[in-house]
Enquirer: 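Mind looking over this structure? Questions follow.
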Amino acid sequence: MTESKAMILGCSGLALTSEEKAFYRGERPWGFILFGRNISEARQITDLVAELRDSVGWHAPVLIDQEGGRVQRIRPPVLARYPSGQALGDLYRRDRVLGLRAAWLMSRLHAFDLSSLGIDVDCLPVLDVPVEGSSKVIGDRAYGGDPETVIAMGKAAAAGLKAGGLLPVMKHMPGHGRGFADSHLELPVVTVSRDELELHDFPPFVAMKDELMAMTCHVVFAAIDPDNPATTSRKVIDGIIREHIGFNGLLLSDDSSMNALSGTIGERAANIIAGGCDIVLHCNGNMDEMLDVVANVPPLAGISLARAKAVEAGFAAPDIADEAELRAEFEAMFATV
């Protein structure tokens, strides 16, 4: 197989155009990501996933953000509506054992749902630890406002996905919880000390550093690199993510089309690679933008290729479980909430 390029791309609609098929075949993205515009009904999703993989000629990873709450790309009537991370965290704060079971169960149900459609990576858990007054872009997606809760629930959520044969992507490393702006729209700048970040923001990622994949945040940490957001900062990626946190897995950028990043799409892609990310993520399926991405992204090579190969080897067969039984257990937890 010809080596893939260091990028994950979206597509424009419910089925691939002939232009997209030829583009992916020629440019060889390592993986793909789906959004709401790509979703109508179950058979259509499975057909689209198969088209994506056929276009590159191998079983490429297909990602989705299926958290629950506000961020759930596949919704009723195709898949059940799931609660937010905060709702799970509220249950944990009432009953720790029940909360951990709920986090595991919801991820295990995501795995049933997504694997049936051919999707094998869920961008979960959210390990950000919000502070009072921070942007609602994280908000109720977070399990709680303290690192201990986020660590416990994040580990349970990741374990549930892996039990069902899916792989998780931790986000948003090294922490978006303190951002006072929505990075989809503008660049958040965090001004607290590194000591404070090491106490509050980084611990969930340290605790889960052995997971195979993580996604960066488009946030400036002024105490570490006042000039560049984490996604394009060699200081943050080398000094914090790789050294302090100790994460040696495959590092994906957050979406390169978000307005927190500056420059053209091509410049952003080049800066993401230069900053130390392994993979450029581009989500909106805009062909003109994707052409700019591929012109600035290299083939996977060296340590980045080794990390990608570790992900490919990390998929495991699901455990044996009764979906109906687990679903009934989970629904009973929230029946009176």
Side-chain angles (χ1 to χ4, degrees), residues 61 63-74 79-115 119-130 138-177 201-215 217 245 247 249-250 252 254 311 314-316 318-319 321 323 326-327 329-331 333-334 337:
L63 292 69
I64 198 164
D65 296 288
Q66 191 78 350
E67 297 174 13
R70 288 182 291 129
V71 180
Q72 181 174 328
R73 307 303 184 201
I74 310 178
L79 295 178
R81 167 73 73 175
Y82 291 97
S84 67
Q86 179 179 299
L88 294 174
D90 289 344
L91 188 59
Y92 175 83
R93 283 177 280 279
R94 292 195 298 273
D95 184 322
R96 295 179 62 139
V97 173
L98 199 63
L100 293 174
R101 178 65 175 168
W104 186 92
L105 277 172
M106 191 169 90
S107 284
R108 185 64 185 88
L109 294 173
H110 284 327
F112 277 120
D113 292 343
L114 298 176
S115 62
I119 299 165
D120 52 10
V121 178
D122 193 0
C123 298
L124 185 75
V126 176
L127 297 183
D128 306 305
V129 188
I138 301 300
D140 65 0
R141 298 166 66 190
Y143 297 114
D146 63 282
E148 294 78 14
T149 294
V150 174
I151 290 167
M153 295 293 279
K155 285 183 173 181
L161 289 176
K162 290 183 288 187
L166 268 68
L167 287 180
V169 177
M170 303 179 289
K171 57 190 187 186
H172 303 83
M173 192 177 277
H176 202 311
D201 299 62
F202 301 163
F205 299 101
V206 174
M208 296 185 66
K209 66 183 181 181
D210 293 329
E211 297 297 337
L212 293 173
M213 284 183 282
M215 181 184 294
C217 62
I245 290 174
F247 176 69
L250 191 71
L252 287 54
D254 203 347
V311 171
F315 291 101
D319 61 7
E323 179 181 357
L326 295 183
R327 196 170 295 279
E329 180 186 354
F330 182 74
E331 290 172 356
M333 291 177 173
F334 290 91
V337 174

Enquirer: Under 4.5 Å between any side-chain heavy atoms of Met213 and Cys123, yes or no?
Expert: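 No, every pair of side-chain atoms sits at 4.5 Å or beyond.
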Enquirer: Would you say Glu323 and Leu326 make side-chain contact, with heavy atoms under 4.5 Å?
Expert: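 No, every pair of side-chain atoms sits at 4.5 Å or beyond.
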Enquirer: Check each of Lys171, Lys162, Lys155 against Glu211 using the salt bridge (Lys or Arg N to Asp or Glu O under 4.0 Å) test, and report the only one that passes.
Expert: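 Per the salt bridge (Lys or Arg N to Asp or Glu O under 4.0 Å) rule, the option paired with Glu211 is Lys162, out of Lys171, Lys162, Lys155.
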Enquirer: On a heavy-atom basis, which atom in Leu166 and which in Ser115 lie closest, and how many Å separate them?
Expert: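 In this case the closest contact between Leu166 and Ser115 is CD1-CB, 4.0 Å.
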Enquirer: Are any of the side-chain heavy atoms of Pro168 and Met208 separated by less than 4.5 Å?
Expert: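 No. Closest side-chain heavy atoms not under 4.5 Å.
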Enquirer: Treating Gln72 as the side-chain partner and Tyr82 as the backbone partner, does any N or O pair qualify as donor plus acceptor under 3.5 Å?
Expert: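 Indeed, once roles are kept as given, a pair shorter than 3.5 Å links the two residues.
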Enquirer: Within the distance-only criterion (no hydrogens, no angle test), does the side chain of Asp122 pair as donor or acceptor with the backbone N or O of Gln66 below 3.5 angstrom?
Expert: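 Judged by distance alone, yes, a pair lies under 3.5 Å.
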Enquirer: Out of curiosity, Met333 CE to Arg101 CZ, how far, rounded to the nearest 0.5 Å?
Expert: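 Answer rounded to 0.5 Å: 6.0 Å.
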Enquirer: I need the Leu250 CG to Met215 CE distance, nearest 0.5 Å.
Expert: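 Spacing of CG (Leu250) from CE (Met215) equals 11.0 Å.
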Enquirer: Could you report the tightest heavy-atom contact between Gly144 and Val150, atom names first, then the distance?
Expert: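 Reported closest heavy-atom pair: O-CG2, 3.6 Å.
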Enquirer: Roughly how far apart are Tyr143 OH and Ser84 OG, rounded to 0.5 Å?
Expert: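 Spacing of OH (Tyr143) from OG (Ser84) equals 10.0 Å.
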Enquirer: For Ile138, is there any backbone N or O sitting under 3.5 Å from a side-chain donor or acceptor partner on Arg70?
Expert: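 Yes: the side chain of Arg70 pairs with the backbone of Ile138.
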Enquirer: Tell me the closest heavy-atom pair linking Gly154 and Pro125, and the distance in Å.
Expert: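 So the minimum-distance heavy-atom pair works out to O-CG, 3.6 Å.
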Enquirer: Is there a side-chain contact between Leu161 and His110, using heavy atoms and a 4.5 Å cut-off?
Expert: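 Yes - at least one pair of side-chain heavy atoms lies under 4.5 Å apart.
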Enquirer: What is the minimum heavy-atom distance between Asp120 and Phe315, and which atoms define it?
Expert: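 What the structure gives for the nearest pair is O-CE2, 3.3 Å.
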Enquirer: Any chance you could measure Cys217, atom SG, to His176, atom NE2, to the nearest 0.5 Å?
Expert: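 If we round to the nearest 0.5 Å, Cys217:SG and His176:NE2 are 6.0 Å apart.
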Enquirer: Any heavy-atom pair between the side chains of Val121 and Val311 that's under 4.5 Å?
Expert: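 No, their side chains stay 4.5 Å or more apart.
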Enquirer: Would you say the side-chain atoms of Arg81 pair up with the backbone N or O of Gly69, donor to acceptor, closer than 3.5 Å?
Expert: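 Flag set: sc Arg81 to bb Gly69 pair under 3.5 Å.
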Enquirer: Would you check if Ile119 and Ile74 make a side-chain contact, meaning some heavy-atom pair closer than 4.5 Å?
Expert: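 Yes, side chains in contact.
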Enquirer: Angle between ring planes, Phe334 versus Phe330, binned at 30° and 60°: parallel, tilted or perpendicular?
Expert: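 Tilted, since the angle between the ring planes falls between 30° and 60°.
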Enquirer: Kindly determine whether Val169 and Leu167 satisfy side chain to side chain contact (heavy atoms under 4.5 Å, CB included), including the steps that lead there.
Expert: CA-CA 7 Å; Val169 177; Leu167 287 180; over 6 Å; no
Enquirer: Side chains of Pro83 and Met106, heavy atoms from C-beta outward: is any pair under 4.5 Å?
Expert: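 Yes, at least one pair of side-chain atoms sits under 4.5 Å.
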Enquirer: Roughly how far, to the nearest 0.5 Å, is the CD1 atom of Ile245 from the CG atom of Asp201?
Expert: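 Answer for the CG-CD1 pair, Asp201 versus Ile245, is 10.0 Å.
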Enquirer: State the CG-CG distance between Leu124 and Leu63, to the nearest 0.5 angstrom.
Expert: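 Separation between the atoms: 12.0 Å.
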Enquirer: Testing the basics here: between Ala102 and Leu88, what is the closest heavy-atom pair and its distance to 0.1 Å?
Expert: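 Closest heavy-atom pair between Ala102 and Leu88: CB-CD2, 3.9 Å.
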Enquirer: Looking at Arg327 and Asp113, is any side-chain nitrogen of the basic one under 4.0 Å from a carboxylate oxygen of the acidic one?
Expert: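 Judged by the 4.0 Å cut-off on N to carboxylate O distance, Asp113 and Arg327 do form a salt bridge.
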Enquirer: Going by heavy atoms in the side chains, are Asp128 and Arg141 under 4.5 Å from each other?
Expert: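 Contact flag for Asp128/Arg141 side chains = no.
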Enquirer: Specify the closest pair of heavy atoms between Ala207 and Ile151, including all atoms of both residues, with the distance to one decimal.
Expert: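 In this case the closest contact between Ala207 and Ile151 is CB-CG2, 3.7 Å.
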